[in-house]
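For ligands, and for the atoms within them, numbers begin at 1 and follow the listed sequence. These numbers come from a predicted model, not from an experiment.
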Amino acid sequence: MDRFIVDPVEFAAQAERWIGDRIHLVLESSRRCYLMLAGGSTPLPIYQRLAMRKDIPWSRIDLFFGDERCVPVNTSENNYTMVMRSLFPDGDRPDGMNVYRMCGEENPDKAAEVYELVLPERIDILLLGVGDDGHTASIFPGSAALDEEKRRVMPAIAAKPPLQRLTITPPVIQSARYLLVMVQGEGKADAVRRALVDRSVPAAIALDGDWMMDTQAARALPEDQRLGF
Ligand code: 6PG
């Protein structure tokens, strides 16, 4: 449960380093690395940096998604499309790499059931973002997913478009071997402050993970809370 407050210009490099280090750590003792990525805009430069690294053994990685918007796959709002274009801009997926897409454009209930079947028992490395309302993955404030203890993937309704989504649930987040919550920008500062003191904030589900934020996202933290960073 490490906490990092980093300079905004260093954020993407520090997050990329955290991810790369844990991929190598997992693969020291496992044949495959189960890596689950976040959507949204914060991780984009981080994925682009990972794409430039020569030492990531993509052929030994199974890639999963923490949530998906129920939009056609080749639209810019689709997390799978954002991730694949960022990691593999030339469109070539490395041999041996498995990518498990949440088929959000299909029936959400059916797509959630199908995705549960491909999820490993435990994700090795899980990346999450935080919305300015405190959501994480597509678990939004007041969502039924907040209290879900059995299903590991479920349909969700977002507070902002695209409204229909699929999301992992707290059991997946809380069982991850390595968890990084990535938060950048002043617009997230209040959400971060609330998540650290109010368990009803969805991002609080991830409190046991590592949190990496820039100085702007951390600016609303009271001094005693900063001590944990
Ligand atoms: C999504 C994400 C979502 C995201 C937050 C933060 O599908 O939008 O998975 O949980 O991480 O909304 O988004 P930004 O990084 O764009 O601020």
Side-chain angles (χ1 to χ4, degrees), residues 6 8 11-12 14-16 18-19 35-50 63-73 75-87 100-105 108 111-112 115 119 123 125-143 145-146 148 152-170 172-173 176 179-195 201-207 209-214 216-220:
V6 302
F11 184 83
Q14 297 265 24
E16 169 237 316
W18 185 101
I19 299 164
L35 173 62
M36 182 176 271
L37 299 182
S41 57
T42 301
L44 192 54
I46 300 165
Y47 299 154
Q48 289 165 340
R49 291 182 65 95
L50 280 173
L63 203 59
F64 299 88
F65 297 83
D67 70 330
E68 189 53 277
R69 293 86 173 277
C70 296
V71 296
V73 63
T75 54
S76 59
E77 288 187 313
N78 182 281
N79 286 334
Y80 163 85
T81 298
M82 177 276 285
V83 165
M84 298 307 283
R85 284 179 181 164
S86 308
L87 288 180
Y100 297 93
R101 180 174 76 83
M102 285 183 161
C103 298
E105 70 281 11
Y115 208 70
L119 273 189
I123 293 296
I125 302 168
L126 170 58
L127 306 181
L128 290 174
V130 177
D132 53 13
D133 61 356
H135 79 262
T136 192
S138 279
I139 306 174
F140 284 80
S143 155
L146 259 171
E148 180 63 42
R152 298 194 298 155
V153 183
M154 64 190 280
I157 300 300
K160 63 177 185 176
L163 299 181
Q164 183 65 60
R165 310 230 183 154
L166 292 170
T167 187
I168 55 170
T169 60
V172 177
I173 295 173
L179 168 60
L180 181 64
V181 180
M182 308 169 290
V183 204
Q184 203 171 10
E186 187 170 6
K188 306 290 177 71
D190 188 52
V192 168
R193 180 188 59 75
R194 287 188 298 111
V201 176
I205 298 166
L207 278 180
D210 288 0
W211 282 55
M212 185 175 292
M213 60 184 68
D214 70 5
Q216 292 169 341
R219 65 182 307 152

* Whether Ser143 side chain and Ile139 backbone form a donor-acceptor pair below 3.5 Å -> no
* Structure fact -> Ala112 meets the side chain to side chain contact (heavy atoms under 4.5 Å, CB included) criterion, sequence neighbours left out, with Val153, Pro155, Leu166
* Under the side chain to side chain contact (heavy atoms under 4.5 Å, CB included) rule, collect the residues that match up with Arg85, sequence neighbours excluded. => Thr81
* Structure fact -> Contacts of Glu186 meeting salt bridge (Lys or Arg N to Asp or Glu O under 4.0 Å) (sequence neighbours excluded), chain-then-number -> Arg219
* Answer yes or no: is there a side-chain heavy-atom contact under 4.5 Å between Met84 and Leu63? => yes
* Asked: Does some side-chain heavy atom of Trp18 sit less than 4.5 Å from a side-chain heavy atom of Ile125?
  -> yes
Contacts table for ligand 1: protein N or O within a distance under 3.5 Å of ligand N or O, distances only.
{"residue": "ligand 1", "atom": "7 (O)", "partner": "Asp67", "partner atom": "OD2", "Å": "2.9"}
{"residue": "ligand 1", "atom": "7 (O)", "partner": "Arg69", "partner atom": "NE", "Å": "2.8"}
{"residue": "ligand 1", "atom": "7 (O)", "partner": "Asn79", "partner atom": "ND2", "Å": "2.9"}
{"residue": "ligand 1", "atom": "8 (O)", "partner": "Arg69", "partner atom": "NH2", "Å": "2.8"}
{"residue": "ligand 1", "atom": "9 (O)", "partner": "Gly39", "partner atom": "N", "Å": "3.4"}
{"residue": "ligand 1", "atom": "9 (O)", "partner": "Asp67", "partner atom": "OD1", "Å": "2.7"}
{"residue": "ligand 1", "atom": "9 (O)", "partner": "Asp67", "partner atom": "OD2", "Å": "2.9"}
{"residue": "ligand 1", "atom": "10 (O)", "partner": "Ala137", "partner atom": "N", "Å": "3.3"}
{"residue": "ligand 1", "atom": "10 (O)", "partner": "Ala137", "partner atom": "O", "Å": "2.5"}
{"residue": "ligand 1", "atom": "12 (O)", "partner": "His135", "partner atom": "NE2", "Å": "2.6"}
{"residue": "ligand 1", "atom": "15 (O)", "partner": "Ser41", "partner atom": "N", "Å": "3.3"}
{"residue": "ligand 1", "atom": "15 (O)", "partner": "Thr42", "partner atom": "N", "Å": "2.9"}
{"residue": "ligand 1", "atom": "15 (O)", "partner": "Thr42", "partner atom": "OG1", "Å": "2.6"}
{"residue": "ligand 1", "atom": "16 (O)", "partner": "Ser41", "partner atom": "N", "Å": "2.7"}
{"residue": "ligand 1", "atom": "16 (O)", "partner": "Ser41", "partner atom": "OG", "Å": "2.7"}
{"residue": "ligand 1", "atom": "17 (O)", "partner": "Lys188", "partner atom": "NZ", "Å": "2.6"}

